[in-house]
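Every chain is numbered from 1 and lettered A, B, ... according to where its sequence line falls, protein lines coming before strand lines.
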2 protein chains.
Amino acid sequence: MEKKVVTIYDVAEAANVSMATISRVVNGNANVKEETRKRVLEVIDRLNYRPNAVARGLASKKSTTIGVILPDITDLYFASLAKGIDDVASMYKYNIILTSLQENIGDEEQILNNLLSKQVDGLIYMGKQLSKKLKRTLGSSKTPIVLAGSVDRNNETASVNIDFTDAVYNVVSQLIQNGHKKIAFVGGSLENPIDGKYRLDGYKKALKKAHINFSSNLVFEAEYSVRAGEAIWDAVKNSGATAAYVTEDLLASGILNSAMKSATSIPDDFEIFTSNNTVLCEVTRPKLSSIEEPLYDIGAVAMRLLTKMMNQEQIDENTVKLPYSIVKRESTN
Amino acid sequence: MEKKVVTIYDVAEAANVSMATISRVVNGNANVKEETRKRVLEVIDRLNYRPNAVARGLASKKSTTIGVILPDITDLYFASLAKGIDDVASMYKYNIILTSLQENIGDEEQILNNLLSKQVDGLIYMGKQLSKKLKRTLGSSKTPIVLAGSVDRNNETASVNIDFTDAVYNVVSQLIQNGHKKIAFVGGSLENPIDGKYRLDGYKKALKKAHINFSSNLVFEAEYSVRAGEAIWDAVKNSGATAAYVTEDLLASGILNSAMKSATSIPDDFEIFTSNNTVLCEVTRPKLSSIEEPLYDIGAVAMRLLTKMMNQEQIDENTVKLPYSIVKRESTN
DNA sequence: ACACAATTTGCAAGCGTTTACCTTGTTATT
DNA sequence: AATAACAAGGTAAACGCTTGCAAATTGTGT
């Protein structure tokens, strides 16, 4: 026996009113007599009626669903952002469609179209950067989007993050103050504007301030992984660097691993600053000093901003920068 | 000027066929002349038509969306499972609605109802356990569900995981072989059947085999966090234990932290086995020996299993156990 | 008791698809 | 040449809801 699913009609009939009224009470519309509302709610409860969100979405053109695009959910950086997003989203009753993006595969266009076809009310993007093409298909759809933990070169797109340049400027300056002349910059792909532009800018700025010449020999590019960090250590060491600013924790952990293995004393012989302050920083030995991005908050604020955009509220600032801090642990003096 | 959204009618008109035909080509139905198909595809491309998945869902009663319920996305354990799920899901063109569950808050019922109202075609659950109540509302909806990395006491619900009992039996046996008589079992909430039943059973079994009496003084319950691990060390040490099996990596890292701080030499004075083999195990010093659950695979297989259930295919085994392995690193001899 | 306003309700037209069922034109069969 | 069989495409009825508008009901002031 097929159990028939309960629709708004069934409720209407059982409550002896029209379906419009049911819809009204479900949606909290004020134009319903208190008595009727009570009766309807009872019936809803009795019949175990559960409004069909798909039908609702079709009729109202709102899905109360947002799309979240990120590179890798097992990366604590994104996971933390995602958590902030998730919490605020559920606070505002939005659901999240999570899609991960293999940045190399170049299926971004497809992913975006898929999300748009699902009629998401908004999007949060955490990829490296929004391509022109994506911006275009996005523009034609009017779906609001905000970048979390990422920057838009031209500030056309709303975004929430920290002042990367300033943060790196600060930690590199500290390393300089500690007496280092040769400081390595170990980042991910420099094509990513965060590393290749903002962070590197901060690094250069700090050097300049201290009248140290920038040398591209001290700039390293590696994948974000422990393995890559371990592998790059020799090169870093051989460059003559006595300290390093690393843009990501796994990478920094790998470097630390190899450094320890090669009997380099950290922080005495070599200092390391990393960037994301994930738990990793607390379980390595020595523990890693790090820039601390308020990841959870970035996610939360990004989501909050998105809700405003979805409600067409006035936005005061298109791009918000949250305060960061610097956590000194054992990998620096 | 409001840009009108392109519907199937627009395409039909422009291609000079009926909307049914458009629908057919979009859905890959065979009853379309090759020539017509080509023409339609061109028009679709030209008009930039994007089928409305919500309308589709309403008409077809399929959302090509599944719901994923997990406790905490920043926990690498769940993130890894999620990644496996995500990859397979996108392989099969399913979208994922991610919802996290504050297990203490007790809003599970609501979360589930929300997901069901969105008409998800299936569910993957990673919480501690499915309450009777949830099972009931689930049963009345016919939506298939599979547990990933979790067990159903009565094997009523499909699930994918490893043989927890066996795994723990093995590592504890190894510790015993290394000469330990007093081995601590440090787990999360023992109400969670995985820890409180399966793993603890393995522990007991190993003791029994070696004719060591079980003592509840050696069983510790803690939250899954570095902090909790650090805090519990003294108690563990004072219990007289000379080794520990820990059910989670953060917890193990915390214990390791405190042990090192108290100048306990690991593994010489104290051995530690942990359970999830997340990256954490590789960045601690000494590196942690661990049971290795194939988390990604568990997620992937769970999702694959779910696709079968959604297609009403014949399922050979309701509950599948994947092989685990044991990775020896530096925290054990 | 009456006119008018406000409050509640119902009606029915969408929302953009899918799909069962028909119609038409072709080809193969005898 | 007549008929069967099929391929290709069209028609229109769902799917379960929201919502503008009209109708009915109730309340108010006189």
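For D/dT18, the OP1/OP2 oxygens have a side-chain nitrogen or oxygen of A/N27 closer than 4.0 Å. In terms of phosphate contacts, A/Y9 brings no side-chain nitrogen or oxygen within less than 4.0 Å of OP1 or OP2 of C/dC11. Regarding contacts with the backbone of C/dT18, every side-chain N or O of B/S60 stays at 4.0 angstrom or more from both OP1 and OP2. Applying the 4.0 Å criterion to OP1 and OP2 of C/dT17, one finds that B/K61 has every side-chain N and O outside that range. Listed pair B/T36 / D/dG9 meets the phosphate criterion, a side-chain N or O lying under 4.0 Å from OP1 or OP2.
Computed from coordinates, the B/E34 CD to D/dG9 P distance equals 11 Å when rounded to whole Å. To the nearest angstrom, P of D/dA7 lies 14 Å from CZ of B/R37. Rounded to whole angstrom, the span from the CD atom of B/E35 across to the C1' atom of D/dA7 amounts to 14 Å. Distance A/I44 CD1 to D/dC17 P: 10 Å, rounded to the nearest Å. Rounded to whole angstrom, the span from the CD1 atom of A/I22 across to the P atom of D/dT18 amounts to 11 Å. Atom CG in B/D10 sits roughly 11 Å away from atom P in C/dC15 (whole-Å rounding). Here D/dA24 presents its C1' atom at 11 Å from NZ of A/K33, a figure rounded to the nearest Å. Between the CZ atom of A/R50 and the P atom of D/dC17 there is a distance of 11 Å, given to the nearest Å.
Taking the nucleotide of DNA chain C with the nearest heavy atom to each of B/R24 and B/A59, the more 5' of the two is matched to B/A59. In this structure, B/A55 and B/S18 both approach DNA chain D, and ranking their closest nucleotides by distance from the 5' end singles out B/S18.
By the salt bridge (charged side-chain N to carboxylate O under 4.0 Å, His left out) test, B/E42 pairs with no residue at all, sequence neighbours left out.
Note on B/V26: nothing from the nucleic acid sits closer than 4.0 angstrom, heavy atoms only. Residue-level contact check: B/N52 touches the backbone only, with heavy atoms under 4.0 Å from sugar-phosphate atoms and none from bases.
For A/S23 and A/N27, the side-chain atoms include at least one donor-acceptor pair closer than 3.5 Å.
Each of C/dG16, D/dA8, C/dT9 was ranked by its minimum atom distance to the side chain of A/T21; first place goes to C/dT9. Closest to the side chain of A/L58, from the set C/dG16, C/dT18, C/dT9, is C/dG16.
Here the closest non-hydrogen pair linking B/P71 and B/M126 is CD-O, 3.6 Å.
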Using the side-chain contact (heavy atoms from CB on, under 4.5 Å) rule, take A/N154 and A/K135 through it: C-alpha gap first, then chi angles, then the decisive distance, then the call.
CA-CA 12 Å; A/N154 322 312; A/K135 275 193 190 174; 3.8 Å; yes
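A salt bridge is absent between A/E191 and A/K128: the closest approach of a Lys/Arg side-chain nitrogen to an acidic carboxylate oxygen does not fall below 4.0 angstrom.
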